[in-house]
Amino acid sequence: MLTFKPANIIRPDINKLPELKSGEIHLFVFSVTDIFSRLQQLSSCLSATEEKRAARFINQQHGDNYRCIRGQLRTLLSAYLKDQPSNIQIEYEEHGKPFLNNKRQLQFNLSHSRDRVAFVFCRDSVIGVDIEFMRPQKNFAGMLRHVASVREQQELMALNEPSSFNAFYRLWTRKEAYIKAVGRGLGMGLRSIYVGTEPLETFTSVEYKGQIQSNWQVLDVTAPENFKLAICVNSEELQ
Ligand SMILES: CC(C)(COP(=O)(O)OP(=O)(O)OC[C@H]1O[C@@H](n2cnc3c(N)ncnc32)[C@H](O)[C@@H]1OP(=O)(O)O)[C@@H](O)C(=O)NCCC(=O)NCCS
(Lines give C-alpha, C1' and ligand atoms only; values in the text may rest on other atoms or scores of the structure.)
Protein backbone atom coordinates (compact mmCIF):
# COMPACT_ATOMS: atom_id res chain seq x y z
CA MET A 1 0.00 0.00 0.00
CA LEU A 2 1.27 3.47 -0.86
CA THR A 3 0.31 6.61 1.03
CA PHE A 4 -0.04 9.58 -1.26
CA LYS A 5 0.24 13.04 0.27
CA PRO A 6 -0.26 16.47 -1.34
CA ALA A 7 3.44 17.14 -0.70
CA ASN A 8 4.29 14.20 -2.96
CA ILE A 9 2.80 16.00 -5.96
CA ILE A 10 5.78 17.61 -7.63
CA ARG A 11 5.72 20.09 -10.51
CA PRO A 12 9.19 19.55 -11.96
CA ASP A 13 11.16 21.84 -14.19
CA ILE A 14 11.02 20.06 -17.54
CA ASN A 15 14.67 20.95 -18.22
CA LYS A 16 15.84 19.46 -14.91
CA LEU A 17 13.65 16.41 -14.51
CA PRO A 18 14.23 14.85 -11.06
CA GLU A 19 14.02 11.10 -10.48
CA LEU A 20 10.38 9.98 -10.15
CA LYS A 21 10.27 8.09 -6.87
CA SER A 22 7.73 5.54 -5.68
CA GLY A 23 4.76 7.33 -4.04
CA GLU A 24 5.44 10.55 -5.94
CA ILE A 25 3.38 12.14 -8.69
CA HIS A 26 4.90 14.45 -11.27
CA LEU A 27 2.44 17.02 -12.67
CA PHE A 28 2.96 19.29 -15.68
CA VAL A 29 0.45 21.87 -16.93
CA PHE A 30 1.22 23.55 -20.26
CA SER A 31 -0.45 26.18 -22.37
CA VAL A 32 -0.89 24.64 -25.84
CA THR A 33 -0.25 28.11 -27.32
CA ASP A 34 3.18 28.13 -25.63
CA ILE A 35 4.23 24.74 -26.99
CA PHE A 36 2.76 25.47 -30.44
CA SER A 37 5.98 27.21 -31.57
CA ARG A 38 7.58 23.72 -31.49
CA LEU A 39 4.84 22.14 -33.66
CA GLN A 40 7.27 20.89 -36.31
CA GLN A 41 9.64 19.29 -33.82
CA LEU A 42 6.83 17.83 -31.69
CA SER A 43 5.02 16.40 -34.75
CA SER A 44 8.14 14.65 -35.98
CA CYS A 45 8.03 11.98 -33.23
CA LEU A 46 4.40 10.87 -33.70
CA SER A 47 3.55 7.29 -34.64
CA ALA A 48 1.75 6.58 -37.94
CA THR A 49 -1.50 5.95 -35.99
CA GLU A 50 -1.20 9.29 -34.18
CA GLU A 51 -0.45 11.12 -37.43
CA LYS A 52 -3.51 9.48 -39.02
CA ARG A 53 -5.66 10.63 -36.11
CA ALA A 54 -4.27 14.19 -36.34
CA ALA A 55 -5.07 14.28 -40.06
CA ARG A 56 -8.68 13.20 -39.40
CA PHE A 57 -9.55 16.43 -37.50
CA ILE A 58 -11.77 18.58 -39.74
CA ASN A 59 -10.37 21.73 -38.15
CA GLN A 60 -6.63 21.89 -38.93
CA GLN A 61 -5.88 23.86 -35.75
CA HIS A 62 -7.39 21.03 -33.68
CA GLY A 63 -5.25 18.51 -35.54
CA ASP A 64 -2.13 20.59 -34.90
CA ASN A 65 -3.03 20.97 -31.22
CA TYR A 66 -3.33 17.18 -30.99
CA ARG A 67 0.12 16.86 -32.66
CA CYS A 68 1.64 19.26 -30.10
CA ILE A 69 0.06 17.50 -27.11
CA ARG A 70 1.09 14.03 -28.33
CA GLY A 71 4.59 15.27 -29.16
CA GLN A 72 4.89 16.82 -25.70
CA LEU A 73 3.63 13.59 -24.10
CA ARG A 74 6.23 11.58 -26.03
CA THR A 75 8.97 14.07 -25.09
CA LEU A 76 8.13 13.68 -21.39
CA LEU A 77 7.83 9.87 -21.59
CA SER A 78 11.16 9.70 -23.39
CA ALA A 79 12.84 11.73 -20.63
CA TYR A 80 11.60 9.25 -17.99
CA LEU A 81 12.35 6.17 -20.08
CA LYS A 82 15.64 7.51 -21.46
CA ASP A 83 14.69 6.65 -25.01
CA GLN A 84 13.86 8.52 -28.22
CA PRO A 85 10.33 10.06 -28.26
CA SER A 86 9.52 8.21 -31.51
CA ASN A 87 10.52 4.85 -29.95
CA ILE A 88 7.89 4.99 -27.18
CA GLN A 89 5.20 2.35 -27.73
CA ILE A 90 1.84 3.68 -26.53
CA GLU A 91 -0.97 1.14 -26.32
CA TYR A 92 -4.66 1.50 -25.43
CA GLU A 93 -6.90 -0.25 -22.94
CA GLU A 94 -10.41 -1.39 -23.86
CA HIS A 95 -11.97 2.04 -23.18
CA GLY A 96 -9.19 4.08 -24.74
CA LYS A 97 -6.85 4.74 -21.80
CA PRO A 98 -3.31 5.05 -23.16
CA PHE A 99 -0.56 3.06 -21.41
CA LEU A 100 2.98 1.76 -21.86
CA ASN A 101 3.35 -1.96 -22.35
CA ASN A 102 5.72 -2.13 -19.40
CA LYS A 103 3.08 -0.88 -16.94
CA ARG A 104 5.27 -1.18 -13.86
CA GLN A 105 7.88 1.13 -15.27
CA LEU A 106 5.75 4.24 -15.65
CA GLN A 107 2.07 5.16 -15.34
CA PHE A 108 0.69 8.29 -16.90
CA ASN A 109 -2.46 10.13 -17.91
CA LEU A 110 -3.36 13.42 -19.56
CA SER A 111 -6.24 15.83 -19.90
CA HIS A 112 -6.88 18.91 -22.01
CA SER A 113 -9.36 21.75 -21.86
CA ARG A 114 -9.28 24.95 -23.91
CA ASP A 115 -5.65 26.02 -24.10
CA ARG A 116 -4.36 23.89 -21.21
CA VAL A 117 -3.03 20.37 -21.04
CA ALA A 118 -2.16 18.48 -17.86
CA PHE A 119 0.14 15.42 -17.74
CA VAL A 120 0.65 13.21 -14.66
CA PHE A 121 3.32 10.53 -14.16
CA CYS A 122 3.71 8.00 -11.40
CA ARG A 123 5.95 4.93 -10.91
CA ASP A 124 3.81 2.16 -9.58
CA SER A 125 0.20 3.25 -9.14
CA VAL A 126 -2.68 3.61 -11.54
CA ILE A 127 -3.39 7.31 -12.08
CA GLY A 128 -5.88 9.67 -13.73
CA VAL A 129 -6.09 13.44 -14.18
CA ASP A 130 -8.72 15.92 -15.28
CA ILE A 131 -8.49 19.62 -16.08
CA GLU A 132 -11.58 21.68 -16.93
CA PHE A 133 -12.09 25.28 -17.94
CA MET A 134 -14.85 26.64 -15.66
CA ARG A 135 -17.39 27.59 -18.29
CA PRO A 136 -20.59 29.19 -16.98
CA GLN A 137 -23.38 26.65 -17.52
CA LYS A 138 -26.61 27.94 -19.10
CA ASN A 139 -28.53 25.02 -17.66
CA PHE A 140 -26.76 24.57 -14.32
CA ALA A 141 -29.55 22.50 -12.75
CA GLY A 142 -29.58 20.18 -15.79
CA MET A 143 -25.78 19.72 -15.67
CA LEU A 144 -26.01 19.03 -11.97
CA ARG A 145 -28.55 16.25 -12.52
CA HIS A 146 -26.28 14.79 -15.21
CA VAL A 147 -23.02 14.85 -13.20
CA ALA A 148 -23.84 14.85 -9.47
CA SER A 149 -25.21 12.06 -7.27
CA VAL A 150 -28.41 12.86 -5.33
CA ARG A 151 -26.36 13.61 -2.19
CA GLU A 152 -24.02 15.93 -4.11
CA GLN A 153 -26.98 17.69 -5.73
CA GLN A 154 -28.34 18.42 -2.25
CA GLU A 155 -24.92 19.70 -1.08
CA LEU A 156 -24.62 21.95 -4.14
CA MET A 157 -28.17 23.29 -3.96
CA ALA A 158 -27.44 24.44 -0.40
CA LEU A 159 -24.63 26.73 -1.68
CA ASN A 160 -24.88 30.21 -3.19
CA GLU A 161 -23.00 31.57 -6.22
CA PRO A 162 -20.02 31.57 -6.77
CA SER A 163 -19.46 28.77 -4.21
CA SER A 164 -21.83 26.39 -6.02
CA PHE A 165 -20.09 27.05 -9.37
CA ASN A 166 -16.66 26.29 -7.88
CA ALA A 167 -17.98 23.26 -6.02
CA PHE A 168 -19.57 21.92 -9.21
CA TYR A 169 -16.27 22.01 -11.12
CA ARG A 170 -14.45 20.52 -8.12
CA LEU A 171 -16.74 17.51 -8.12
CA TRP A 172 -16.71 17.20 -11.89
CA THR A 173 -12.90 17.14 -12.18
CA ARG A 174 -12.61 14.69 -9.27
CA LYS A 175 -15.10 12.33 -10.91
CA GLU A 176 -13.40 12.54 -14.29
CA ALA A 177 -9.98 11.97 -12.69
CA TYR A 178 -11.47 8.85 -11.01
CA ILE A 179 -13.09 7.37 -14.13
CA LYS A 180 -9.85 8.06 -16.03
CA ALA A 181 -7.71 6.43 -13.35
CA VAL A 182 -9.97 3.35 -13.47
CA GLY A 183 -9.88 3.64 -17.28
CA ARG A 184 -13.55 2.83 -17.85
CA GLY A 185 -14.55 6.40 -18.72
CA LEU A 186 -18.04 7.84 -18.67
CA GLY A 187 -19.57 4.34 -18.90
CA MET A 188 -19.12 4.11 -15.10
CA GLY A 189 -21.94 6.64 -14.68
CA LEU A 190 -20.97 9.93 -13.08
CA ARG A 191 -24.06 9.94 -10.86
CA SER A 192 -23.05 6.63 -9.27
CA ILE A 193 -19.89 8.25 -7.92
CA TYR A 194 -19.68 10.34 -4.73
CA VAL A 195 -16.65 12.59 -4.34
CA GLY A 196 -18.21 15.41 -2.32
CA THR A 197 -18.11 19.13 -2.96
CA GLU A 198 -16.03 20.57 -0.09
CA PRO A 199 -12.41 21.54 -0.91
CA LEU A 200 -10.03 18.63 -0.17
CA GLU A 201 -6.71 19.06 1.56
CA THR A 202 -5.63 15.43 1.52
CA PHE A 203 -6.19 12.46 -0.79
CA THR A 204 -9.73 11.22 -0.05
CA SER A 205 -11.45 7.95 -0.94
CA VAL A 206 -14.12 7.87 -3.63
CA GLU A 207 -17.51 6.22 -3.16
CA TYR A 208 -18.88 4.18 -6.06
CA LYS A 209 -22.41 2.77 -6.02
CA GLY A 210 -22.61 3.44 -2.28
CA GLN A 211 -19.37 1.59 -1.44
CA ILE A 212 -16.23 3.36 -0.23
CA GLN A 213 -13.38 2.57 -2.61
CA SER A 214 -10.56 2.96 -0.10
CA ASN A 215 -7.83 2.39 -2.72
CA TRP A 216 -9.10 5.05 -5.11
CA GLN A 217 -8.24 8.49 -3.81
CA VAL A 218 -8.82 11.94 -5.27
CA LEU A 219 -7.30 15.34 -4.60
CA ASP A 220 -7.86 18.87 -5.92
CA VAL A 221 -4.68 20.48 -7.19
CA THR A 222 -3.99 24.18 -7.77
CA ALA A 223 -4.99 24.98 -11.35
CA PRO A 224 -4.48 27.97 -13.67
CA GLU A 225 -7.01 30.80 -13.21
CA ASN A 226 -10.55 29.80 -14.29
CA PHE A 227 -9.64 26.09 -14.43
CA LYS A 228 -10.07 23.23 -11.99
CA LEU A 229 -7.71 20.27 -11.79
CA ALA A 230 -7.97 16.97 -9.91
CA ILE A 231 -5.84 13.81 -9.66
CA CYS A 232 -6.92 10.30 -8.71
CA VAL A 233 -4.52 7.49 -7.72
CA ASN A 234 -4.88 3.90 -6.67
CA SER A 235 -2.91 3.37 -3.47
CA GLU A 236 -2.37 -0.33 -4.20
CA GLU A 237 1.15 -0.81 -5.53
CA LEU A 238 1.27 -2.49 -8.95
CA GLN A 239 2.84 -5.95 -8.85
C1 LIG B 1 -12.00 9.26 -20.75
C2 LIG B 1 -13.02 10.33 -21.00
C3 LIG B 1 -13.86 10.53 -19.75
C4 LIG B 1 -12.20 11.61 -21.30
O5 LIG B 1 -13.01 12.69 -21.55
P6 LIG B 1 -12.62 14.25 -21.70
O7 LIG B 1 -12.91 14.97 -20.43
O8 LIG B 1 -13.28 14.71 -22.91
O9 LIG B 1 -11.11 14.31 -22.02
P10 LIG B 1 -9.77 14.69 -21.25
O11 LIG B 1 -9.18 15.83 -21.96
O12 LIG B 1 -9.88 14.80 -19.77
O13 LIG B 1 -8.88 13.38 -21.51
C14 LIG B 1 -8.60 12.97 -22.80
C15 LIG B 1 -7.36 12.10 -22.74
O16 LIG B 1 -7.53 11.04 -21.80
C17 LIG B 1 -6.95 9.85 -22.32
N18 LIG B 1 -8.01 8.84 -22.34
C19 LIG B 1 -8.83 8.44 -23.35
N20 LIG B 1 -9.66 7.46 -22.92
C21 LIG B 1 -9.36 7.26 -21.62
C22 LIG B 1 -9.89 6.37 -20.63
N23 LIG B 1 -10.87 5.51 -20.88
N24 LIG B 1 -9.34 6.42 -19.38
C25 LIG B 1 -8.35 7.28 -19.09
N26 LIG B 1 -7.82 8.14 -19.99
C27 LIG B 1 -8.32 8.13 -21.23
C28 LIG B 1 -6.42 10.16 -23.70
O29 LIG B 1 -5.04 10.40 -23.61
C30 LIG B 1 -7.13 11.45 -24.08
O31 LIG B 1 -6.35 12.35 -24.82
P32 LIG B 1 -6.21 12.17 -26.41
O33 LIG B 1 -7.60 11.98 -26.91
O34 LIG B 1 -5.58 13.44 -26.84
O35 LIG B 1 -5.35 11.00 -26.60
C36 LIG B 1 -13.97 10.00 -22.18
O37 LIG B 1 -13.26 10.10 -23.37
C38 LIG B 1 -14.52 8.57 -22.06
O39 LIG B 1 -15.47 8.30 -21.34
N40 LIG B 1 -13.94 7.62 -22.81
C41 LIG B 1 -14.35 6.22 -22.80
C42 LIG B 1 -15.08 5.92 -24.06
C43 LIG B 1 -15.19 4.43 -24.28
O44 LIG B 1 -15.60 3.69 -23.41
N45 LIG B 1 -14.78 4.03 -25.44
C46 LIG B 1 -14.76 2.63 -25.76
C47 LIG B 1 -14.11 2.40 -27.04
S48 LIG B 1 -12.47 3.12 -27.13
Side-chain angles (χ1 to χ4, degrees), residues 25 27-32 35-36 39 42-43 45-77 85 88-101 103 106-122 125-135 137 143 146-148 168-193 195 206 208 213 216 218-221 223-224 227-234 238:
I25 294 165
L27 166 69
F28 300 85
V29 181
F30 295 101
S31 145
V32 180
I35 55 175
F36 203 81
L39 171 65
L42 292 171
S43 307
C45 62
L46 265 54
S47 68
T49 315
E50 288 166 339
E51 188 43 55
K52 248 192 214 162
R53 182 170 165 199
R56 275 205 308 267
F57 282 89
I58 295 163
N59 180 320
Q60 195 189 333
Q61 180 69 48
H62 293 168
D64 284 343
N65 288 350
Y66 171 80
R67 288 185 176 94
C68 284
I69 293 171
R70 267 306 153 123
Q72 187 63 63
L73 171 66
R74 284 181 169 274
T75 306
L76 287 164
L77 289 171
I88 310 291
Q89 300 290 323
I90 300 175
E91 298 184 25
Y92 297 89
E93 293 180 2
E94 186 188 352
H95 297 282
K97 183 172 183 176
F99 71 97
L100 301 170
N101 53 14
K103 282 194 179 194
L106 189 63
Q107 292 279 317
F108 70 95
N109 196 227
L110 61 142
S111 175
H112 34 84
S113 178
R114 294 272 175 112
D115 176 46
R116 300 298 169 129
V117 55
F119 298 98
V120 283
F121 299 88
C122 184
S125 306
V126 176
I127 190 160
V129 67
D130 190 56
I131 187 165
E132 295 288 341
F133 175 74
M134 295 198 289
R135 187 164 42 92
Q137 299 289 336
M143 268 311 273
H146 180 66
V147 172
F168 171 75
Y169 274 97
R170 261 200 302 272
L171 90 86
W172 191 359
T173 50
R174 286 175 197 165
K175 287 189 182 202
E176 291 249 346
Y178 170 56
I179 62 175
K180 292 181 70 189
V182 175
R184 281 177 53 201
L186 293 166
M188 288 186 84
L190 292 178
R191 289 165 47 186
S192 306
I193 303 164
V195 286
V206 172
Y208 184 55
Q213 311 291 308
W216 294 104
V218 285
L219 184 67
D220 310 320
V221 184
F227 285 82
K228 282 272 188 275
L229 175 55
I231 293 176
C232 178
V233 273
N234 189 310
L238 286 171

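Numbering of ligands and ligand atoms starts at 1, following listing order.
Of the heavy atoms in P98, only side-chain atoms (C-beta onward) come closer than 4.0 Å to ligand 1. Residue R53 touches ligand 1 through its side chain alone, judged by heavy-atom distances below 4.0 Å.
Heavy atoms of other residues, nucleotides or ligands lying less than 6.0 angstrom from NE2 of H95 number more than 12.
Note that the CG atom of L110 and the NZ atom of K180 stand 6.0 Å from one another [nearest 0.5 Å]. Residue R135 holds its CZ atom at 7.0 Å from CE of M143, rounded to the nearest 0.5 Å.
By the definition of a contact as any protein heavy atom under 4.0 Å away, atom 48 (S) of ligand 1 is in contact. Less than 4.0 angstrom separates atom 9 (O) of ligand 1 from none of the non-hydrogen atoms of the protein. Per-atom contact check: atom 2 (C) of ligand 1 does not touch the protein, criterion being a heavy-atom distance below 4.0 Å.
Which parts of ligand 1 touch D130 is read off a 4.0 Å heavy-atom cut-off, strictly below it: atoms 7 (O), 12 (O). Under a 4.0 Å criterion applied to the non-hydrogen atoms of K180, ligand 1 contributes the atoms 1 (C), 10 (P), 12 (O), 13 (O), 14 (C), 15 (C), 16 (O), 24 (N), 25 (C), 26 (N). Residue-ligand proximity, E94 to ligand 1, at heavy-atom distances under 4.0 Å covers atoms 46 (C), 47 (C), 48 (S). The ligand atoms of ligand 1 that sit less than 4.0 angstrom from a heavy atom of S111 are 10 (P), 11 (O), 12 (O), 13 (O).
Residue G96 places at least one N or O, backbone or side chain, under 3.5 Å from an N or O of ligand 1. Where the criterion is an N or O separation shorter than 3.5 Å, residue side chain and backbone included, G183 meets it with respect to ligand 1. Checking only distances, L186 does come within under 3.5 Å of ligand 1, N or O to N or O. Polar contact with ligand 1: absent for Y66 (N/O pair, distance under 3.5 Å).
Screening E50, E51, Q72 against R67 for a side-chain hydrogen bond (donor to acceptor under 3.5 Å, both in side chains) leaves a single residue, E51.
Scanning all protein heavy atoms for the shortest distance to atom 24 (N) of ligand 1 gives K97 CB, 3.3 Å. Looking only at heavy atoms of the protein, atom 7 (O) of ligand 1 is closest to E176 OE1, 3.0 Å. Given atom 15 (C) of ligand 1, the protein heavy atom at minimum distance is L110 O, 3.5 Å.
Side-chain atoms of R114 do not come within 3.5 Å of backbone N or O of F133 as any donor-acceptor pair. Y178 places no side-chain N or O within donor-acceptor distance of the main-chain N or O of I193, the cut-off being under 3.5 Å.
Salt bridge annotation for E94-R184: absent, with no cationic side-chain nitrogen under 4.0 angstrom from a carboxylate oxygen. Looking at D220 and K228, no side-chain N of the basic residue comes within less than 4.0 Å of a carboxylate O on the acidic one, giving no salt bridge.
Heavy-atom minimum distance, F119 versus I69: CZ-O, 3.7 Å. The two residues I35 and L42 come nearest to each other via the heavy atoms O-CD1, 3.7 Å.
When the options E132, R116, E93, H95 are ranked by their closest heavy atom to atom 46 (C) of ligand 1, first place goes to H95. The residue among H112, R70, K175 with a heavy atom at the shortest distance from atom 31 (O) of ligand 1 is H112.
For the ligand labelled ligand 1, residue N109 lies inside the 4.0 Å heavy-atom shell.
In this structure, Y66 and F57 have tilted ring planes: the angle between them lies in the 30° to 60° band. Aromatic ring pairs are classed by plane angle as parallel below 30°, tilted from 30° to 60° and perpendicular above 60°; the pair W172 and F168 is tilted.
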